[in-house]
Amino acid sequence: MDLPFLSKWRKRHDPAAGVAVFPDSDSDGDGEGAGGGYAALLAECELLRSLASRAGVRLDDTPASLEALDQLVPRWRDDEEMLPWLGNDAGLYLGTVVVRTVPGTGWRILPEGRPVVRLASGREVDVVLEGRTWAMTGSPELFQAYAEIAEA
């Protein structure tokens, strides 16, 4: 159903600028809290996993799967409404791969609810921003972003 006033409203409002997770009082901000933590929630990336599955790409939380994502034909760029959501998922997936494969890393939830990956050095990486940039432009590639984060 086409509702003209709704279409006009959507055009006036910018798409979501990121993802927010609000930890409960039992969380110490490191991504782990009551009930097993937020790592599993952040790793869901449902839209990205669905898109990858339809393209025959298996997302197994390894750096090789990031390379496979980089090889996908970016048909999603034609859908401006999907771009920010896919970018969020790509960033969260990048963060998931980093946290699961790079020793000393973990999720940290910033006070405003934004998840970042905290490296052993203490540096924090906004992986959602990396994912959104990848979804919109294809550069830097997810595997390249992973390699830069992993060597830091």
Val127 and Tyr146: CA distance, side-chain angles, deciding distance, side-chain contact (heavy atoms from CB on, under 4.5 Å) verdict: CA-CA 9 Å; Val127 290; Tyr146 168 83; over 6 Å; no
Stepwise side-chain contact (heavy atoms from CB on, under 4.5 Å) check, Val116 with Val125: CA-CA 6 Å; Val116 295; Val125 180; over 6 Å; no
Step-by-step side-chain contact (heavy atoms from CB on, under 4.5 Å) determination, Asp126 to Arg114: CA-CA 9 Å; Asp126 187 344; Arg114 215 177 64 223; 3.6 Å; yes
Stepwise side-chain contact (heavy atoms from CB on, under 4.5 Å) test for Glu141 and Leu66: CA-CA 8 Å; Glu141 293 181 336; Leu66 294 172; over 6 Å; no
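In the hydrophobic cluster analysis, where Ile, Leu, Val, Met, Phe, Trp and Tyr join through side-chain heavy atoms closer than 4.5 angstrom, Val97 is grouped together with Leu72. Transitive grouping of hydrophobic side chains (ILVMFWY, heavy atoms separated by less than 4.5 Å) brings Met82 and Leu92 into a common cluster.
The side-chain hydrogen bond (donor to acceptor under 3.5 Å, both in side chains) check on Ser53 picks up nothing, with sequence neighbours excluded. Residues passing the side-chain hydrogen bond (donor to acceptor under 3.5 Å, both in side chains) test with Arg77, sequence neighbours excluded: none. Here Arg75 pairs with nothing under the side-chain hydrogen bond (donor to acceptor under 3.5 Å, both in side chains) rule; sequence neighbours left out. The side chain to side chain contact (heavy atoms under 4.5 Å, CB included) check on Ala52 picks up Val57, Leu59, Leu69, with sequence neighbours excluded. With sequence neighbours left out, Gln144 forms a side-chain hydrogen bond (donor to acceptor under 3.5 Å, both in side chains) with Glu148.
Applying the salt bridge (Lys or Arg N to Asp or Glu O under 4.0 Å) definition to pairs two or more places apart or across chains, those involving residues 90-100 are Asp61-Arg100.
Note that OG1 of Thr62 is 9.0 Å distant from CD of Glu67, once rounded to the nearest 0.5 Å. From Gln71, atom CD reaches atom CG of Leu142 across 11.0 Å, with rounding to the nearest 0.5 Å.
Side-chain N or O atoms of Thr105 include none that pairs as donor or acceptor with a backbone N or O of Leu119 at under 3.5 Å.
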